[in-house]
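Only one structure is covered here, and it is reproduced in the block below.
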Amino acid sequence: MSVVVLGGAGYIGSHTVRALCESGYDVAVVDNLSTGHREAVHPKAKFYEGDIGDISFMRSVFAKEQCRAVIHFAAFSQVGESVVKPLKYYENNLGKTRNLLEAMVAEGVDKVVFSSSAAVYGEPKQVPILEGDPTEPTNPYGETKLAMEKMFRWVGNAHGIRFVSLRYFNACGADPSTEIGEDHDPETHLIPLILQTANGKREKISIFGTDYPTKDGTCIRDYIHVCDLAQAHILALEYLCRGGESDIFNLGNGVGFSVREVIETVREVTGHPIPAQESGRRAGDPAQLIASSQKAMDVLGWKPQLASLQEIVSTAWQWHRTHPAGYRTEIISEGEV
Ligand code: UDP
């Protein structure tokens, strides 16, 4: 009986697959490789190339793997792109998850842990943000994640599927082994973009917005290590396997850093000057997102292990300097960089 991981070749998915394999789970990955990387999938995991929106394909995978639980990462995740191409997000994130649920119902797969996002909250009225706070997304990406949560709730009620929705704040860092890490094309996230500047792949980093109502005028985010997110998925899976009720949990460190502070930390860690240029706001960005993860700590027993921004940036830097072209890099040993 396998845990089927949808989107297991992506950034957070591949770190979770690795953690599951290292904890002794049988794992099967489904990924259409539209944004994921085959090389990112742990060698102990089975791999199926295919689309979660393909109902007969998903039914055959569930039947073959005798699957009762899935972890679902397969979604598009760029806030800016979602504002420009909302239908792409509705089709992929919502439409395909609808088909996935039909396949789960048909094959009796009754547990799912899935990626949600801090983007469901929109501009928070207060920080730290609690799970019961208002959800008013400021971009289509957040809207699709919120709609996915509601779809799981209604379909779960009707068909006996239990779910855990994990609302990640800003995922970052890389596995300390340096074997897997973050590789998006195009890259849009702050920490990898700053590290590409340190690597000489970019001339400078742009600061999107300096007139936010924050301490230094730049956006504040709660950065959480991808390996800590991976552990939370395993804990959520175990919670559902123990009979836990459907629920929603925030995952963050509970500490906010401004864009300027993140750039400064990368300067300290890499020793590179990192030229920065102030520019206008990016559409859809809330000023401040900081999590309360107390509920995940109390109910799931989760505790982040790589919580300092220095540690997070250091692991990301190890990945970027050994893999300057991501998974397309010829292996560079530590001694050569
Ligand atoms: N950001 C920035 N310059 C960049 C990329 C991002 O100033 O080149 C800012 C972005 O506006 C946001 C923060 O960095 O305030 C984190 O953005 P990211 O895309 O990493 O994550 P998000 O918060 O959108 O999930």
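Counting starts at 1 for both ligands and their atoms, in listed order.
Aromatic pair Tyr327/Trp319: centroids less than 6.0 angstrom apart. In this structure, Tyr11 has its ring center at least 6.0 angstrom away from the ring center of His37. Ring centroid separation for the pair Phe152 and Phe114 comes in under the 6.0 Å cut-off.
Annotation: Phe208 places an N or O atom under 3.5 Å from an N or O atom of ligand 1; distance criterion only. Geometrically, ligand 1 and His189 share no nitrogen or oxygen pair separated by less than 3.5 Å. Ligand 1 has an N or O atom lying under 3.5 Å from an N or O atom of Leu190, backbone or side chain.
Looking at Arg282, Gln277, Gln288 and measuring to atom 19 (O) of ligand 1, the nearest heavy atom belongs to Arg282.
For NZ of Lys215, the number of neighbouring non-hydrogen atoms (other residues, nucleotides, ligands) closer than 6.0 Å is greater than 12.
Annotation for ligand 1: atoms under 4.0 Å from non-hydrogen atoms of Thr188 are 5 (C), 19 (O). Short contacts between ligand 1 and Ile205, defined as distances under 4.0 Å to a heavy atom of the residue, involve ligand atoms 8 (O). Listed by number with element, the atoms of ligand 1 under 4.0 Å from a non-hydrogen atom of Ser206 are 2 (C), 3 (N), 4 (C), 7 (O), 8 (O). Close contacts between ligand 1 and Cys219 involve ligand atoms 15 (O) [criterion: under 4.0 Å to a heavy atom].
Partner of Leu309 under the side-chain contact (heavy atoms from CB on, under 4.5 Å) criterion, out of Val255, Thr265, Val266, Val269: Thr265 alone.
In summary, the side chains of Asn139 and Glu143 do not present any donor paired with an acceptor at a separation below 3.5 Å, with no hydrogens or angles considered. Looking only at atom types and distance, the side chain of His225 has a donor-acceptor partner in the side chain of Thr315 under 3.5 Å away. Residues Ser116 and Glu149 have side chains that bring a donor and an acceptor to within less than 3.5 angstrom of each other.
In this structure, the protein non-hydrogen atom closest to atom 9 (C) of ligand 1 is Val259 CG2, 3.9 Å. Scanning all protein heavy atoms for the shortest distance to atom 8 (O) of ligand 1 gives Leu193 CD1, 3.3 Å. The shortest contact between atom 11 (O) of ligand 1 and any protein heavy atom is with Asp285 OD2, 2.5 Å.
Contacts of Ile207 with ligand 1, taken as heavy-atom pairs under 4.0 Å, involve the backbone alone. Here Asn170 has side-chain heavy atoms under 4.0 Å from ligand 1, and that is the only part of it that gets that close. Only the side chain of Arg221 comes within contact range of ligand 1, with a heavy atom under 4.0 Å; no backbone atom does.
Rounding to the nearest 0.5 Å places CG of Leu190 at 9.0 Å from CZ of Phe208.
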